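As the structure is a computational prediction, the values presented were derived from the model and not from experiment.
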Amino acid sequence: MVVSHPKQHRGRWRPRLDRPALVALLFGLVGVGYRLVLTLYTVPVSNSDEATFGLAALHIGQGRERPVFLYGQHYMGMLESYLAAPLVAVAGPSWPVLRLPMLALYAVFLYLIYRLTRRLCTPWFAAFVVGLLALGPERVVRDQLTVVGGRPEVKPAVLLMLLITVGLAAGTVRHRWLAVGLFGLLVGLAAWSDWLILPYLAVAGLALVWAVRRELLGWSGLLLVAGVVVGVAPMIYDNLRAAPGEDSLSVFREVSTKAGPLPPWSDRIRGGLLEGVPLAHGLCPVDGCGRWQQGFGLLYPVLLVAAAVLAVLAYRRAAGASRGERVRPVVQLALVAGATLTLLSYVRSPLAATSPLDNARYLSVLQLSLPAVLWPLWVAAVACWRGTVGALGRLTGALATAILAALTATTLVITVLFATTGVGASRTEERQARELATALRADGPHEVYGDYWTCNRLIFNTDETVICGVLDGDLSPGQNRYLPYWRQVGRAERPGYVVEVGSPMDRRLRRLLADRPDAAPVREVGGYRVYHPDTPVRPWR
C-alpha cells in the first residue's frame with residue numbers, strides 16, 4: 001500500500017492522501033500545534049542544564065566556541081546546540097527560539113514513525129500510533145522539547161535508518177550506495193549525540209547487514225564505514241586531544257559508578273518497569289504512577305515476547321517470499337531487541353531503584369518500539385472484531401481492545417490534566433526567573449554568585465549581561481561548566497550573591513554577614529534574595 005497518489009488537477013500536482021494518512025496528518029498537526037503553544041510559553045520550565053546548551057548555541061553562533069561535548073562533560077554531544085545556533089544568532093537568546101529545532105525534530109519523528117509503521121504493519125495502525133504519540137504529559141514533552149541533549153535527534157535518526165533498511169531490502173531505493181553512506185552518517189551522529197541510543201544502533205546495524213550483506217562487501221561497505229567515521233569525527237577528535245582519564249569512556253565510566261552500592265535486582269526491575277516504562281510512555285503524571293499505570297509496566301515484557309513471537313512466525317511464513325517481504329519481521333524484531341536491551345541497560349543502574357521518577361527520561365527512546373510493542377494487541381483486536389477467530393480468540397481480542405482503549409484514555413486524561421492544571425507552576429517559576437534577570441540586567445550587580453540551578457539560566461536570560469559563578473550550599477565552589485564565567489566573577493571587585501529565599505546558601509550567607517554593616521540584602525526579586533556587600537565574601541579562599 002502507498003501513503004499517497006499523485007493527482008493532476010487543473011495543471012497542478014497534488015498528493016491524494018488516503019483516509020489513514022489524513023487521520024495521521026490531523027493527529028500530527030494537533031500534536032505539533034500543542035507543543036508549539038507549550039514552546040511559546042516555555043513549558044516545561046527551563047533550567048540551567050538547558051541553559052548550558054543555549055549558551056553553547058550562543059557561542060557557536062558568535063564564532064567564539066566550537067564545543068564537541070557539553071561544557072564540563074566529555075560524553076554528551078552538542079548537536080542540539082549547533083542546530084539552534086543560527087536561530088539564536090539571529091533572534092538572540094530566548095527559550096522558544098532555542099526549542100524550535102526540537103519541535104521540528106518532533107514533527108520529523110512523527111512523520112518517520114508513521115512511514116515505518118505503515119511499511120511494517122497496516123495504515124490504520126500507523127495512524128493510531130501517531131495519535132498516541134501526539135499526546136504528551138509533562139514527562140513526555142519535557143524529553144521532546146527541552147534542549148538537554150540526545151533524545152530528540154537520535155529517535156528520528158534510528159527511524160530513518162530502519163526505513164533505509166526496508167527500502168534497500170525492497171529495492172525501492174534508487175541510489176543504494178548513497179543510502180548506505182547516509183545510514184553510516186546517522187549512526188555516527190547518533191553515537192556522538194547520546195550513548196543511550198547504542199542498543200538501537202546495534203540492532204539497526206544488524207538489520208542492515210541482513211538486508212544488504214553482499215553489497216557491504218564492496219563500495220557500499222566502504223561508504224558505510226566512511227559515514228560512521230564522518231558522523232563520529234568530532235568525538236574522535238576530542239578524545240585524541242583529551243588528557244589521560246578525561247576521554248569519553250573514562251568519564252562515562254566514572255559517572256556510571258558514582259551512584260553508591262547496588263540495590264537488589266528486584267528493586268531495580270520494579271523501578272524500571274513499574275515507574276520508568278509507564279512514565280516514558282506518558283501514562284503517568286510527573287509525580288508518579290498509580291496501580292493501573294504500573295500494570296502497563298508489568299505487561300510490557302509480555303508484549304515484547306508476543307511481538308517477538310509474531311515477528312518470528314511472520315518471518316517463517318515468508319520463507320519463500322522476496323527479501324522485501326521478509327524485511328518487515330526482521331525490522332520488527334530489531335525494534336523488540338532495541339527495547340529489551342535498553343531496559344536491561346537501564347535496570348543495571350542503581351538509579352532505576354533509588355530515583356525512578358527523575359531518571360525515567362533515560363527510557364524515552366522506548367517510544368521507537370511502540371509500534372512493535374502494541375502490534376500484538378492490534379492484531380488480536382482486529383481479529384476479534386472481524387470474527388475470524390474462535391471463542392478464545394474473541395476473548396483475547398476483547399481484552400486487547402480494552403487495553404488499547406485504556407492506554408489511549410489514560411494518556412489523553414494525563415495530557416489534559418497537565419495542559420489544564422500542570423502548566424501554572426512552570427509559568428510561575430519562569431516568570432520569577434525573568435523578573436530576576438530583568439532586575440539584575442537593569443540595576444546590577446552584573447557579576448554574581450549563585451547555585452547551579454540559578455546561574456546558567458540567569459546568564460542565558462540576560463544574554464551574558466549578568467555573569468554567575470556556581471557555589472554549593474556551603475558557599476564552596478560548585479559545578480561550573482564553563483570556567484570563563486567563574487574566572488570573570490572571581491576577578492570582580494564587588495560581586496553580588498543571588499540565592500533563593502530560605503535556601504541553605506541564603507542562611508549560610510546571612511550568618512557570614514551578620515556582624516557587618518552591609519548585612520541586609522539589596523532586595524528580593526521573584527523569590528530570590530540579592531546580596532551586594534561592599535567587600536566580597538569568598539570563604540573558600
Side-chain angles (χ1 to χ4, degrees), residues 1-4 17-18 20-25 27-28 31-32 104-134 144 151-173 179-180 182-183 185-187 189-190 197 199-212 281 303-304 307-308 310-311 314-315 318 323-340 342 364-379:
M1 296 184 182
V2 294
V3 177
S4 61
L17 301 177
D18 58 17
L22 285 171
V23 172
L25 178 61
F27 286 153
V32 172
L105 287 171
Y106 166 76
V108 173
F109 167 70
L110 281 188
Y111 172 74
L112 292 177
I113 203 166
Y114 173 78
R115 291 295 303 270
L116 182 65
T117 306
R118 183 159 180 149
R119 294 290 296 269
L120 300 181
C121 304
T122 63
W124 280 114
F125 179 61
F128 172 76
V129 169
V130 171
L132 273 182
L133 293 173
Q144 293 168 342
R151 294 174 289 278
E153 65 267 27
V154 297
K155 289 189 288 187
V158 170
L159 292 172
L160 184 53
M161 282 186 270
L162 294 176
L163 277 169
I164 289 173
T165 300
V166 172
L168 289 171
T172 58
V173 176
V180 174
L182 175 60
F183 187 104
L185 179 63
L186 292 170
V187 170
L189 289 174
I197 203 64
Y200 280 95
L201 298 184
V203 296
L206 291 176
L208 178 72
V209 171
W210 178 91
V212 293
H281 289 85
L303 293 177
L304 286 177
L310 282 182
Y315 185 83
R323 188 170 294 270
E325 290 293 324
R326 287 181 292 158
V327 73
R328 296 177 181 178
V330 169
V331 172
Q332 287 175 329
L333 277 175
L335 291 174
V336 171
T340 303
T342 298
S364 68
V365 294
L366 292 181
Q367 290 179 345
L368 289 167
S369 297
L370 190 64
V373 171
L374 297 185
W375 179 235
L377 294 175
W378 185 271
V379 170

Between Arg323 and Trp210 (side chain of the first, backbone of the second, donor and acceptor by atom type, cut-off under 3.5 Å), is there such a pair?
yes
Does the structure place the NZ or CZ of Arg118 under 6.0 Å from the centre of the six-membered ring of Trp124, at an angle of no more than 45° from the ring's axis?
no
Using the rule given for side-chain contact (heavy atoms from CB on, under 4.5 Å), can you reason through Leu25 versus Val130, listing the C-alpha separation, both sets of side-chain angles and the distance that settles it, and then say yes or no?
CA-CA 9 Å; Leu25 178 61; Val130 171; over 6 Å; no
Mark yes or no for whether Arg328, through its side chain, and Arg119, through its backbone, hold a donor-acceptor pair below 3.5 Å.
yes
Considering all heavy atoms, the nearest Pro123-Tyr114 contact
O-CE1, 4.2 Å
So do the side chains of Leu377 and Leu374 get within less than 4.5 Å of each other, counting heavy atoms only?
yes
Are Phe183 and Leu208 side-chain neighbours, meaning at least one heavy-atom pair lies under 4.5 Å?
yes
Exercise answer: donor-acceptor pairs, residues 155-167 side-chain atoms, under 3.5 Å, sequence neighbours excluded:
{"from": "Lys155", "atom 1": "NZ", "to": "Gln367", "atom 2": "OE1", "distance (Å)": "2.8"}
{"from": "Thr165", "atom 1": "OG1", "to": "Met161", "atom 2": "O", "distance (Å)": "3.0"}

Closest contact, heavy atoms only, Pro376 versus Leu310
CA-CD1, 3.7 Å
Ser364 vs Gln144, test: side-chain contact (heavy atoms from CB on, under 4.5 Å). Steps then yes/no.
CA-CA 9 Å; Ser364 68; Gln144 293 168 342; over 6 Å; no
Between Ala311 and Pro329, what is the shortest heavy-atom contact and its length?
O-CB, 3.1 Å
Got Tyr200 and Ser369 here, is their nearest side-chain heavy-atom distance under 4.5 Å?
yes
Rounded at 0.5 Å granularity, tell me how far CG in Leu105 sits from CG in Leu110.
11.5 Å
As an exercise, state the distance from CG of Leu368 to OG1 of Thr342, rounded to the nearest 0.5 Å.
8.5 Å
Of Val203, Leu304, Val373, Leu303, the one forming a side-chain contact (heavy atoms from CB on, under 4.5 Å) with Val336 is Leu304
Among residues at least two apart in sequence or on other chains, which ones pass ring-ring contact (aromatic ring centres under 6.0 Å, His included) with Phe128?
Trp378
Do Leu333 and Tyr315 touch side chain to side chain, with heavy atoms closer than 4.5 Å?
no
Scanning both residues in full, the closest heavy-atom pair of Ala179 with Leu168 reads CB-CD2, 4.3 Å
Chi angles and distances behind the side-chain contact (heavy atoms from CB on, under 4.5 Å) call for Thr117, Phe125:
CA-CA 8 Å; Thr117 306; Phe125 179 61; 3.6 Å; yes
Are Val154 and Leu201 side-chain neighbours, meaning at least one heavy-atom pair lies under 4.5 Å?
no
Measure the shortest side-chain to side-chain distance between Ile113 and Pro371 over non-hydrogen atoms and say whether it is less than 4.5 angstrom.
yes
Decide side-chain contact (heavy atoms from CB on, under 4.5 Å) for Thr122 and Trp375; before the verdict, give the C-alpha distance in whole Å, the side-chain angles of both, and the deciding distance to 0.1 Å.
CA-CA 10 Å; Thr122 63; Trp375 179 235; 3.8 Å; yes
